[in-house]
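The structure under discussion appears below in the form of structure tokens.
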Amino acid sequence: MELADRTIGLLLTVTSLSIFTYYTFWVIILPLVDTDHFVHKYFLPQEYAILIPVFVGMALICLLSMFTGYVMLQSKKKKA
């Protein structure tokens, strides 16, 4: 079981670092590169650099709110 936990932890760490590196390069470095450079074809337009995190954050807040409401309803039913 310990090996599986370490593997999952490594996978999550590598995935997080990859996303962080991609996003950092996209938001900080890419605006300094000429628009006709070949590297621009590997990235979405700059507008998405704000829209994607906003929608992911909103979805996360909605899911956490639904989970909190569900837990509160379940605890209320147990008391009754």
Side-chain angles (χ1 to χ4, degrees):
M1 191 63 156
E2 184 178 323
L3 181 62
D5 290 341
R6 285 181 180 221
T7 305
I8 290 172
L10 178 66
L11 181 66
L12 288 172
T13 302
V14 169
T15 302
S16 298
L17 285 174
S18 299
I19 291 171
F20 177 76
T21 304
Y22 179 87
Y23 187 78
T24 301
F25 188 80
W26 181 25
V27 173
I28 296 174
I29 305 296
L30 200 62
L32 304 175
V33 178
D34 292 333
T35 56
D36 58 345
H37 198 272
F38 76 93
V39 78
H40 278 276
K41 68 181 177 181
Y42 297 112
F43 295 92
L44 292 171
Q46 285 296 113
E47 299 85 38
Y48 292 108
I50 300 298
L51 291 177
I52 291 173
V54 166
F55 284 122
V56 168
M58 287 174 42
L60 182 64
I61 289 172
C62 288
L63 288 171
L64 288 173
S65 299
M66 288 174 25
F67 177 73
T68 303
Y70 176 75
V71 169
M72 289 172 66
L73 287 174
Q74 292 299 323
S75 68
K76 199 175 208 182
K77 286 181 183 177
K78 286 182 182 178
K79 288 181 181 179

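One is the number of the first residue; the rest follow in order along the sequence.
- At a threshold of 4.5 Å between side-chain heavy atoms, the hydrophobic network of Ile, Leu, Val, Met, Phe, Trp and Tyr places Leu12 and Leu10 in two separate groups.
- For Pro31 against Trp26, the heavy-atom pair with the smallest separation is CD-O, 3.7 Å.
- For the atom pair Leu32 CG and His37 NE2, the distance stands at 12.5 Å (nearest 0.5 Å).
- Residue Thr21 holds its OG1 atom at 11.5 Å from CD1 of Ile29, rounded to the nearest 0.5 Å.
- Between Tyr22 and Phe43, the gap from one ring centroid to the other is short of 6.0 Å.
- Residues Phe20 and Tyr48 are members of separate hydrophobic clusters, defined by side-chain heavy-atom contacts under 4.5 angstrom among Ile, Leu, Val, Met, Phe, Trp and Tyr.
- Between the side chain of Ser75 and the main chain of Met72, a donor-acceptor pair closer than 3.5 Å is present.
- Distance alone, capped at 3.5 Å, is enough to place a donor-acceptor pair between the His40 side chain and the Asp34 backbone.
- Atom-to-atom distance recorded for Leu73:CG and Lys76:NZ is 7.5 Å, nearest 0.5 angstrom.
- Between Thr15 atom OG1 and Ile8 atom CD1 the span is 11.5 Å, to the nearest 0.5 Å.
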Distance-only check: which donor-acceptor pairs under 3.5 Å involve side-chain atoms of residues 50-69, not counting sequence neighbours?
residue: Ser65; atom: OG; partner: Ile61; partner atom: O; Å: 2.8
residue: Thr68; atom: OG1; partner: Leu64; partner atom: O; Å: 2.8

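- Remark: Phe25 CZ is packed, more than 12 non-hydrogen atoms of other residues, nucleotides or ligands lying under 6.0 Å away.
- Note that CD1 of Ile19 and OG1 of Thr24 are 11.5 Å apart. Values are rounded to the nearest 0.5 Å.
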